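Remember, predicted model here, so these are calculated numbers, not experimental data.
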Amino acid sequence: MYHKVSIGKISQAQIRKLLKGKNIRVKHGQAHTIHVSNSQLKKIMNAHKKGKGCTIEFDPYQQDH
């Protein structure tokens, strides 16, 4: 199950990398909305509490959303 989460602004190069299944660094924000798994959501929220970013990678099913 995927959850919607808002992230900060990411570049076009980061979007291309994410859709290819590569890692990108994201920070919680209001620029983009993505669908993440439970573990990714927890990782993003824990980083947000500390005021930091985290690295995520999309699996093939997330790319469809």
Side-chain angles (χ1 to χ4, degrees):
M1 178 160 178
Y2 295 111
H3 305 279
K4 285 186 182 181
V5 66
S6 295
I7 59 171
K9 185 172 174 142
I10 57 176
S11 67
Q12 289 294 326
Q14 285 178 307
I15 293 171
R16 283 193 300 272
K17 283 183 181 180
L18 194 60
L19 293 176
K20 288 182 181 179
K22 309 258 184 195
N23 295 336
I24 65 162
R25 191 114 175 124
V26 297
K27 193 171 185 179
H28 191 269
Q30 300 297 325
H32 300 281
T33 301
I34 59 173
H35 291 81
V36 295
S37 65
N38 290 333
S39 61
Q40 290 172 329
L41 178 64
K42 183 177 177 182
K43 190 174 181 181
I44 291 171
M45 289 300 137
N46 283 337
H48 174 59
K49 289 179 188 175
K50 297 175 186 177
K52 297 184 177 191
C54 66
T55 304
I56 64 167
E57 177 181 356
F58 271 6
D59 62 32
Y61 300 109
Q62 281 178 291
Q63 294 173 5
D64 294 338
H65 289 281

Please give me the minimum heavy-atom distance between [X] and [Y], naming the atom from each residue.
X   : Y   : value
A47 : G53 : CB-O, 3.8 Å
Q40 : I56 : NE2-CB, 4.4 Å
H28 : H48 : CB-ND1, 3.5 Å
K17 : I24 : CB-CG2, 3.9 Å

ILVMFWY clustering at 4.5 Å (side-chain atoms), partners of M1 = none
key: Atom pair OG/OH of S37 and Y61 - distance to nearest 0.5 Å   = 13.5 Å
Quiz: residues 4-15 side-chain donor-acceptor pairs under 3.5 angstrom, not counting sequence neighbours:
residue, atom, partner, partner atom, Å
S11, OG, Q14, N, 3.2
Q14, OE1, S11, N, 2.9
Q14, NE2, R25, O, 3.4

query = Quick one: are N38 and Y2 in side-chain contact, heavy atoms under 4.5 Å?
reply = no
key: Listed partners of H32 passing side-chain hydrogen bond (donor to acceptor under 3.5 Å, both in side chains), at least two apart   = none
query = Can any side-chain N or O of K43 pair as donor or acceptor with the backbone N or O of T55 at less than 3.5 Å?
reply = yes
